[in-house]
Amino acid sequence: MIKDEWREEIHRIFEHYGTEKQITKTYEEIGEFLSALAKGDVSNIAEEMADVLICMEHVAYAYDIMPDEIETIIRYKIKRQKKRMGENV
């Protein structure tokens, strides 16, 4: 969901604040997302989801996880779940 054109800017933000602060920020943002989800506040869910997605890009950058690696895992997990649902894949 993160556009390639945004990645460089997101990585610059990460470099500015550093690994420790951005990983801590990730915990905070996930907590805020879960809180918005629990309340069912749709507009806040969208905002917090955006924050979490940015933080996920920070984590991927920090641990050198490439987007294509994530995409491969997502495809595998979707295929596995479809099998569990009894669908032909």
Side-chain angles (χ1 to χ4, degrees):
M1 293 179 94
I2 296 293
K3 294 182 178 188
D4 289 337
E5 63 202 57
W6 298 339
R7 278 198 170 88
E8 185 178 328
E9 293 175 81
I10 291 170
H11 296 171
R12 280 193 9 242
I13 293 166
F14 178 88
E15 291 293 337
H16 177 80
Y17 290 103
T19 302
E20 186 176 334
K21 284 187 179 182
Q22 288 311 113
I23 297 300
T24 299
K25 185 69 170 172
T26 299
Y27 295 142
E28 293 170 9
E29 295 299 350
I30 289 171
E32 291 174 9
F33 169 70
L34 292 173
S35 178
L37 194 58
K39 293 175 185 173
D41 182 348
V42 177
S43 65
N44 198 342
I45 290 170
E47 180 178 344
E48 297 306 335
M49 185 179 274
D51 288 339
V52 169
L53 288 169
I54 291 168
C55 287
M56 292 299 95
E57 182 62 30
H58 287 159
V59 171
Y61 183 68
Y63 293 97
D64 199 29
I65 300 169
M66 298 292 111
D68 59 333
E69 182 180 351
I70 298 296
E71 290 172 12
T72 298
I73 295 167
I74 289 170
R75 279 193 298 275
Y76 164 77
K77 289 182 174 276
I78 290 170
K79 185 177 180 179
R80 182 181 66 188
Q81 191 60 38
K82 287 175 73 175
K83 282 183 183 179
R84 290 177 180 161
M85 294 166 52
E87 292 186 20
N88 293 327
V89 286

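Across Ile2, Ile65, Val52, a single residue satisfies side-chain contact (heavy atoms from CB on, under 4.5 Å) together with Glu57, and that is Ile2. With respect to Gln81, the side chain to side chain donor-acceptor pair (under 3.5 Å) criterion is satisfied by exactly one of Lys79, Lys77, Lys83, Arg84: Arg84.
The OG1 atom of Thr26 lies 10.0 Å from the CG atom of Asp51; values are rounded to the nearest 0.5 Å. In this structure, the separation between CD1 on Ile74 and CD on Glu71 is 7.0 Å, given to the nearest 0.5 Å. In this structure, CD1 on Ile73 lies 12.0 Å from CD1 on Ile78, to the nearest 0.5 angstrom. Note: Glu32 CD to Leu34 CG = 10.5 Å, rounded to the nearest 0.5 Å. Taking CE of Met85 as the reference point, atom CZ of Arg80 lies at 13.5 Å (rounded to 0.5 Å).
The nearest pair of heavy atoms linking Glu29 to Cys55 is CG-SG, 3.7 Å.
Remark: side-chain polar atoms of Ser35 are not paired, donor with acceptor, to backbone N or O of Gly31 under 3.5 angstrom. Judged purely by atom type and a 3.5 angstrom limit, His58 uses its side chain to pair as donor or acceptor with the backbone of Ile10.
A parallel orientation is assigned to the rings of His11 and Tyr61, their planes being inclined by less than 30° (bins at 30° and 60°).
A 6.0 Å sphere centred on CD of Glu87 holds more than 12 heavy atoms belonging to other residues, nucleotides or ligands. Within 6.0 Å of CE in Met49 there are 12 or fewer heavy atoms belonging to other residues, nucleotides or ligands. Heavy atoms from other residues, nucleotides or ligands lying under 6.0 Å from CD of Glu20 number 12 at most.
Tyr17 and Trp6 end up in different hydrophobic clusters when Ile, Leu, Val, Met, Phe, Trp and Tyr side chains are linked at under 4.5 Å. Leu53 is not connected to Ile13 by any chain of hydrophobic side-chain contacts under 4.5 Å among Ile, Leu, Val, Met, Phe, Trp and Tyr, and they are in different clusters. When the side chains of ILVMFWY residues are joined at heavy-atom separations under 4.5 Å, either directly or via intervening members, Met56 and Tyr63 end up in a single hydrophobic cluster. Hydrophobic cluster membership differs between Tyr27 and Phe14, with clusters built from Ile, Leu, Val, Met, Phe, Trp and Tyr side chains linked at under 4.5 angstrom.
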